[in-house]
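Worksheet: the structure to be examined is printed underneath.
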Amino acid sequence: GENVEQHPSTLSVQEGDSAVIKCTYSDSASNYFPWYKQELGKRPQLIIDIRSNVGEKKDQRIAVTLNKTAKHFSLHITETQPEDSAVYFCAPVLSGGSYIPTFGRGTSLIVHP
Amino acid sequence: NAGVTQTPKFQVLKTGQSMTLQCAQDMNHEYMSWYRQDPGMGLRLIHYSVGAGITDQGEVPNGYNVSRSTTEDFPLRLLSAAPSQTSVYFCASSRGSGQPQHFGDGTRLSIL
């Protein structure tokens, strides 16, 4: 969507490294910030989400951080593994309009063994 | 629960033909939506529904129609297929705004 930008578009790391993907959105009233993972040929699946009253959330090797003032949130993956290779999408719910998530264009993460 | 079920999984059409992509969910979700996915473009919203009897347009609605006569079903109709509609189509449902989206397996559609 035009109000959501995701960087980088491609990220290549060595197994065991950390990976960070950033999502910038335009709507200061957004209140729900999810990340989805899509493996090749599969459906997107939610991996982690955060709501506007929380700054950081962790689930094992993945975490999401939110900076509402700067209007961005980031996905952090530590100790990357080859099975983390996929396309990752941020999909904030923007307050004006559809109430349906607006997806970024995706980040292709490649983890080299 | 089966979750979100899409049919067919693959379809090839000729330009000008019409068809309906089916989507059904068994989670009693109010929100349902259709996306198309093209390389490098992410998922773009075509149409969505926030409840039975209510539909609205998304980012790329032209050439598509939807209806929501029941909570479970949300079919997407291509009125007159064009090569530009070659894409992978995903249906999704959620309990409401600000809730996780549950996706179907997708329909890969080719228009010749």
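In the text below, chain A, chain B and the rest are named by the order of the sequence lines, each starting its count at 1.
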F33(A) versus chain B, heavy atoms under 4.5 Å apart: side chain, backbone, both or neither?
neither
Sole candidate of N65(B), V66(B), V50(B) that passes side chain to side chain contact (heavy atoms under 4.5 Å, CB included) when paired with T55(B)
V66(B)
Between the side chains of Q22(B) and T7(B), does any donor sit under 3.5 Å from an acceptor?
no
Region of Q37(B) that comes under 4.5 Å of a non-hydrogen atom in chain A
side chain
Taking atom CD of Q17(B) as the centre, report whether more than 12 heavy atoms of other residues, nucleotides or ligands fall under 6.0 Å from it.
yes
Contacting region of F90(B) [heavy-atom separation from chain A under 4.5 Å]
side chain
Whatever's closer than 4.5 Å to a heavy atom in chain B on N31(A) counts as neither
Would D38(B) and R36(B) satisfy salt bridge (charged side-chain N to carboxylate O under 4.0 Å, His left out), going step by step from the backbone distance to the final call?
CA-CA 7 Å; D38(B) 303 293; R36(B) 60 176 288 173; 2.9 Å; yes
Does any backbone or side-chain atom of Q38(A) lie under 4.5 Å from a heavy atom of chain B? Answer side chain, backbone, both or neither.
side chain
Side-chain donor or acceptor of Q6(B) paired with backbone N/O of C91(B) under 3.5 Å
yes
Okay, P44(A) and chain B: the region with an atom under 4.5 Å from a heavy atom over there is both
